[in-house]
*Asks:* 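Take this structure, written in structure tokens, and hold onto it; I'll ask about it next.
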Amino acid sequence: MVHQEQLDFPTRGHGHMQDLTNKVAEIVRRSKIRTGVAHVFAVGSTAAVGLIEFEPGLQRDLPQLLDRVIPPSREYAHEQTWHDGNGHSHLQSTWLGASLSVPVSEGKLRLGTWQQIFHLECDIRPRDRSVIVTVYGE
Amino acid sequence: MVHQEQLDFPTRGHGHMQDLTNKVAEIVRRSKIRTGVAHVFAVGSTAAVGLIEFEPGLQRDLPQLLDRVIPPSREYAHEQTWHDGNGHSHLQSTWLGASLSVPVSEGKLRLGTWQQIFHLECDIRPRDRSVIVTVYGE
Amino acid sequence: MVHQEQLDFPTRGHGHMQDLTNKVAEIVRRSKIRTGVAHVFAVGSTAAVGLIEFEPGLQRDLPQLLDRVIPPSREYAHEQTWHDGNGHSHLQSTWLGASLSVPVSEGKLRLGTWQQIFHLECDIRPRDRSVIVTVYGE
């Protein structure tokens, strides 16, 4: 069995994190799948998805960490061609990743208590984003 | 076909790496699945799973690298609220990831010779951990 | 339904990126799967796969970023035992990851317009590499 849905939502620009856990959990419920895996995928090359304790402190810490290791201010080869100010955005997205999977047990996401699914906007501008959730199993 | 099992084990605290390859391989064998994928997921927001040549040198190098890029000593916003000393633990877990998948071919994990599945404790304290292994295919 | 194929190709050594998108898309087509997920896995502990806008600037930026954060020149414990010059190669591979999944919708990879699947050689030498693509769904 496979069940696939698309989530569409706007973002507020660079460093904006959103908690997708409840929306993914609803898709798992609609899928009627009891045992399997839920795959979450960020469409686009300047966004990412991941797992984190979704609390206000870490919502500041994670984008700050990314900007410290992969800073906006460096000279990226991407910029020399495209001049879009998004060199670091692409690299942050690649670094963190756009794909993750969470096990489904007894019809529910098998996350830890303090473990949530987030979407991170890495682009310098607000964007309209799509995330594809695919649940498979039986 | 889907087959899911949980691995439970203790850790010795921050930077403790354990090789899960044999245990995941046994679950694949029990699943009777010949062609498919084995998904490995670390439950909790201060642990991670990954792939590495599991030898003593890299078991020191990887935690050191994480502590160099995401150091315990920095001022994280997470700490200002929670004061649990785990700001870096959460960020290291998010950075490395809690979810990976390995192909299954002819009933076996299709890893390289020097490629093993590890669990990494990022928390500052020893913990009791759970990893969910889901094998799907036919 | 599960469909699995292996891609074999040579690399030119450290930092060599290759675009696998068309080859993975062909495997998805041959699988006849309409809705599901395509899993892409790099066999070996000194290679990685990921998602990026595959353009010449970022093909320079990403290996440079990895060499800045995880430099070849550091003293890694791995080197003290193995003396193969590949300490950073292993850590870069673990850091970026060897496993990713892309949703399949209406028989096609559901990637963004500027989002491609790449293979990155992290080893210091040219290598013959294998990537396993597993498509599952219905």
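Quick note on labels: first sequence line is chain A, next is B, and so on, each numbered from 1.
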*Asks:* Given that the side chain runs from C-beta out, which part of C/Ile70 has a heavy atom under 4.5 Å from chain B: side chain, backbone, both or neither?
*Replies:*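 Interface part for C/Ile70: both.
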*Asks:* Determine the minimum heavy-atom distance between B/Leu65 and C/Leu91, stating which atoms define it.
*Replies:* CD2-CB, 4.0 Å
*Asks:* Hey, which of B/Gly137, B/Gly50, B/Gly36 has the most heavy atom pairs under 4.5 Å with chain C?
*Replies:* B/Gly36
*Asks:* Go through the steps for B/Leu51 and C/Phe41 under the test side chain to side chain contact (heavy atoms under 4.5 Å, CB included), then give the verdict.
*Replies:* CA-CA 11 Å; B/Leu51 297 160; C/Phe41 185 83; 3.6 Å; yes
*Asks:* Give, as side chain, backbone, both or neither, the part of C/Ala47 having an atom under 4.5 angstrom from any heavy atom of chain B.
*Replies:* neither
*Asks:* So for B/Val102, is it side chain, backbone, both, or neither that comes closer than 4.5 Å to the heavy atoms of chain C?
*Replies:*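 Looking at B/Val102, backbone and side chain both touch chain C.
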*Asks:* Output the donor-acceptor atom pairs between chain B and chain C under 3.5 Å, with atom names and distances to 0.1 Å.
*Replies:*
unit_1	atom_1	unit_2	atom_2	d
B/Leu51	O	C/Thr94	OG1	2.7
B/Glu53	OE1	C/His90	NE2	3.2
B/Glu55	OE1	C/Trp82	NE1	3.2
B/Glu55	OE2	C/His78	ND1	2.6
B/Asp61	OD1	C/Ala77	N	2.7
B/Asp61	OD2	C/Ala77	N	3.1
B/Asp61	OD2	C/His78	N	2.8
B/Arg68	NH1	C/Val69	O	3.2
B/Arg68	NH2	C/Val69	O	3.0
B/Ser101	N	C/Ser99	OG	3.1
B/Ser101	O	C/His39	NE2	3.1
B/Ser101	O	C/Ser99	OG	3.1
B/Val104	O	C/Gln4	NE2	3.3
B/Ser105	OG	C/Gln4	OE1	2.8
B/Arg110	NH2	C/Gln6	OE1	3.2
B/Trp114	O	C/Ser45	OG	3.2
B/Gln115	OE1	C/Gly44	N	2.9
B/Gln115	NE2	C/Ala42	O	3.2
B/Gln115	NE2	C/Gly44	O	3.0
B/Tyr136	OH	C/Tyr136	OH	3.4

*Asks:* Please look at B/Leu96 and chain C and tell me whether the side chain, the backbone, both or neither of the residue comes under 4.5 angstrom of a heavy atom of that chain.
*Replies:*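 Only the side chain of B/Leu96 comes within 4.5 Å of chain C.
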